[in-house]
Amino acid sequence: MNLAIVGLQWGDEGKGKIVDYLAPDFDINARYQGGSNAGHTVRFEGEKVIFHQVPCGVLNRNTLGVIGGGCVLDPKILLKEIGNLTKYDPAIRERIRISKFCHLIMPYHILIDEIREGTKQAIGTTKKGIGVAYEDKYGRTGLRVGDLYNVESFEDKLRLNISRKNLVLMDVYHAEPLSDSEIFDLYMKYAEELKPMVGDDTRIVHEAINSGKNVLFEGAQGAMLDIDYGTYPYVTSSHTIAGSIGIGLGIPPYTVERVVGVAKAYTTRVGQGPFPTEDSGDLGKLLRESGAEFGSTTGRPRRCGPFDAAVVRYAARISGVKEMILTKLDVLAGLEKLRIAVGYEAGDELDPFAAEHLLPRYIEVPGFKEDISHVRSRKDLPDNALNYIRTIEKETGIRVDHVSVGPERDAVVKM
Ligand code: IMP
């Protein structure tokens with residue numbers, strides 16, 4: 001069975017933990033979009049491990065991690081991440097494959113992203129150069145992992161890119177120009193280090209599927225950050241919905257047999273942009289503190305608010321999600337009443353074009369007092385927690401398959 005895990009909100013739904021939990025049943029764990037903007041957190045051997053580009057199921061020693069061609073790759077961050085992971089498995093490099101089709105994130109992408117975030121163009125990015133790297137990809141001027149191994153042509157393309165970027169840096173942003181020889185030397189060093197891991201993802205995943213192996217597709221960010229179907233322009237620069245999997249790995253769409261959505265038991269968003277159920281008062285503050293809602297890539301405080309069933313209905317529809325995993329339910333313990341947005345004053349369905357002005361229509365259900373972080377069986381969940389889950393199922397039309405009640409791998413309740 002090939003299964004995809006996708007985010008149903010604005011990212012940070014807890015996909016990392018779920019991928020790590022499911023990985024033992026999969027031979028391959030593949031990322032297909034995004035890059036170092038992602039921060040997938042896993043609790044392993046009592047420690048918090050944050051993944052940015054490496055698929056986070058690789059802590060399981062039988063799982064091969066594939067970084068697909070739809071991703072953008074920052075070699076500096078990747079090599080640091082792999083270096084940290086060798087602490088848990090000294091041979092981790094042997095279980096990581098990087099697609100030669102991945103576009104490289106270059107120092108000028110990061111610099112321009114950072115500069116733009118200080119101007120009127122700011123949308124609250126992670127400043128990892130993601131959007132600028134995807135701009136070059138679609139502008140057909142990008143450099144790919146595979147280009148690193150054709151040194152002469154890489155050098156020519158790099159020089160051309162830097163001369164263009166320096167014009168922008170100096171004339172538009174009044175910044176210092178970059179040195180092409182320094183960047184060339186740096187990327188040649190990265191090329192050597194990456195080489196044993198570089199391959200053709202289309203072949204690796206295709207052959208695995210053909211020989212009956214199981215693939216777990218790991219989405220980054222969430223549906224509402226999708227470049228086309230999210231709250232544009234406050235989105236990331238890749239497709240975060242399930243439709244992106246085939247493209248991001250060079251495999252046919254029908255190979256994705258099941259799509260499981262992950263949604264937090266409340267809603268969060270980091271960065272600017274519309275967020276209909278945002279609570280800027282006590283509830284938002286409480287959720288941020290109890291749920292430790294600070295970005296794992298940037299440390300920024302996340303904006304928080306009640307669960308929005310209309311957002312999840314919309315996200316589930318565009319990704320073909322029929323079942324979901326609800327995370328961080330334990331964070332809601334102690335709240336007297338739990339609010340769920342079931343639609344908006346203007347209508348029941350989410351229209352991303354109108355999201356800025358939507359006023360949520362809430363229903364309220366009783367909260368639960370009990371600490372549920374130790375619960376591992378459905379029968380031990382308090383009635384009010386079960387009622388909250390059932391209400392979410394009713395209002396989203398999506399079955400809740402598992403509930404996560406804490407950061408540890410086993411803190412999961414099967415429903
Ligand atoms: P970028 O992907 O760095 O260009 O940022 C664009 C938007 O996506 C910003 O609002 C970011 O906060 C958001 N974003 C990007 N990656 C993540 C993520 O992994 N989790 C949550 N938000 C993200």
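Whatever order the structure lists ligands and atoms in, that order sets their numbers, starting from 1. Note that this is a predicted model, so its numbers are computed, not measured. Position 1 is the first residue of the sequence; numbering continues from there. Atom set for the values below is all heavy atoms of this structure, side chains included, hydrogens, waters and symmetry mates excluded.
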Enquirer: So is Thr126 polar-close to ligand 1, meaning N/O to N/O under 3.5 Å?
Expert: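 Yes.
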Enquirer: Below 3.5 Å, N or O to N or O, backbone or side chain included: is there any such pair between Asp113 and ligand 1?
Expert: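 There is no such contact.
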Enquirer: Can you tell if the side chain of Glu13 reaches within under 4.5 Å of the side chain of Thr268, non-hydrogen atoms only?
Expert: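 Glu13 does not reach Thr268 side chain to side chain.
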Enquirer: Short list, please: which atoms of ligand 1 are under 4.0 Å from a heavy atom of Arg300?
Expert: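 Close to Arg300: 11 (C), 12 (O).
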Enquirer: I'd like to check whether Arg269 has a polar contact with ligand 1, where a contact means an N/O of the residue lying under 3.5 Å from an N/O of the ligand.
Expert: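 No, there is no polar N/O contact under 3.5 Å.
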Enquirer: Under 4.0 Å from any heavy atom of Gly124, which atoms of ligand 1 are there?
Expert: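 Listed by number with element, the hits are 9 (C), 10 (O), 11 (C), 12 (O).
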Enquirer: State, with a plain yes or no, whether a side-chain heavy atom of Phe51 is found less than 4.5 Å away from one of Glu81.
Expert: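 When only atoms from C-beta onward are counted, Glu81 and Phe51 do touch, with a gap below 4.5 Å.
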Enquirer: Look at the aromatic rings of Tyr187 and Tyr190 and report parallel, tilted or perpendicular, splitting at 30° and 60°.
Expert: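 Aromatic pair Tyr187/Tyr190 classed perpendicular.
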Enquirer: So which bit of Val235 gets within less than 4.0 Å of ligand 1, heavy atoms only: side chain, backbone, both or neither?
Expert: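 Near ligand 1, Val235 shows its backbone, while the atoms from C-beta on stay back.
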Enquirer: For atom 2 (O) of ligand 1, what is the closest protein heavy atom, and at what distance to 0.1 Å?
Expert: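 For atom 2 (O) of ligand 1, the nearest protein heavy atom is Thr236 OG1, 2.6 Å.
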Enquirer: So Ile77 and Lys128, do their side chains get closer than 4.5 Å, heavy atoms only?
Expert: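 In short, these two side chains touch, coming nearer than 4.5 Å.
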Enquirer: Are any of the N/O atoms on Val270, whether in the backbone or the side chain, positioned under 3.5 angstrom from an N/O atom of ligand 1?
Expert: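 Between Val270 and ligand 1, an N or O pair is found under 3.5 Å apart.
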Enquirer: Taking atom CG as the centre, does Asp171 end up with more than 12 heavy-atom neighbours from other residues, nucleotides or ligands that are less than 6.0 angstrom away?
Expert: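 Above 12, so yes.
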Enquirer: Out of Asp12, Leu225, Thr298, who is nearest to atom 8 (O) of ligand 1 when you count heavy atoms only?
Expert: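 The residue whose heavy atom sits nearest atom 8 (O) of ligand 1 is Leu225.
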Enquirer: List ligand 1 atoms under 4.0 Å from Trp10, heavy atoms only on the residue side.
Expert: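 Counting from 1, the qualifying ligand atoms are 21 (C), 22 (N).
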Enquirer: Flag Gln221 as yes when one of its N or O atoms lies below 3.5 Å from any N or O atom of ligand 1, and as no otherwise.
Expert: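 Between Gln221 and ligand 1 (N or O atoms, distance only) the closest approach is under 3.5 Å.
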Enquirer: Would you check if the distance from the ring center of Phe368 to the ring center of Tyr388 is below 6.0 Å?
Expert: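 Phe368 vs Tyr388: aromatic centres not under 6.0 Å.
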Enquirer: Taking the six-membered ring for Trp, are Phe154 and Phe184 parallel (under 30°), tilted (30 to 60°) or perpendicular (over 60°)?
Expert: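 Rings of Phe154 and Phe184: tilted, as their planes differ by 30° to 60°.
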Enquirer: Would you call the rings of His239 and Tyr229 parallel, tilted or perpendicular, taking 30° and 60° as the class edges?
Expert: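 Tilted: the ring planes of His239 and Tyr229 meet at 30° to 60°.
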Enquirer: Starting from atom 5 (O) of ligand 1, find the nearest protein heavy-atom neighbour and note its residue, name and distance.
Expert: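 Atom 5 (O) of ligand 1 sits closest to the protein heavy atom Thr125 CA, 3.3 Å.
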Enquirer: Between Ala122, Ala38, Gly295, flag the one that comes closest to atom 19 (O) of ligand 1 by a heavy atom.
Expert: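 Comparing heavy atoms across Ala122, Ala38, Gly295, the nearest one to atom 19 (O) of ligand 1 lies in Ala38.
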Enquirer: So do Phe275 and Thr277 actually touch side chain to side chain, heavy atoms under 4.5 Å?
Expert: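 A side-chain contact under 4.5 Å exists here.
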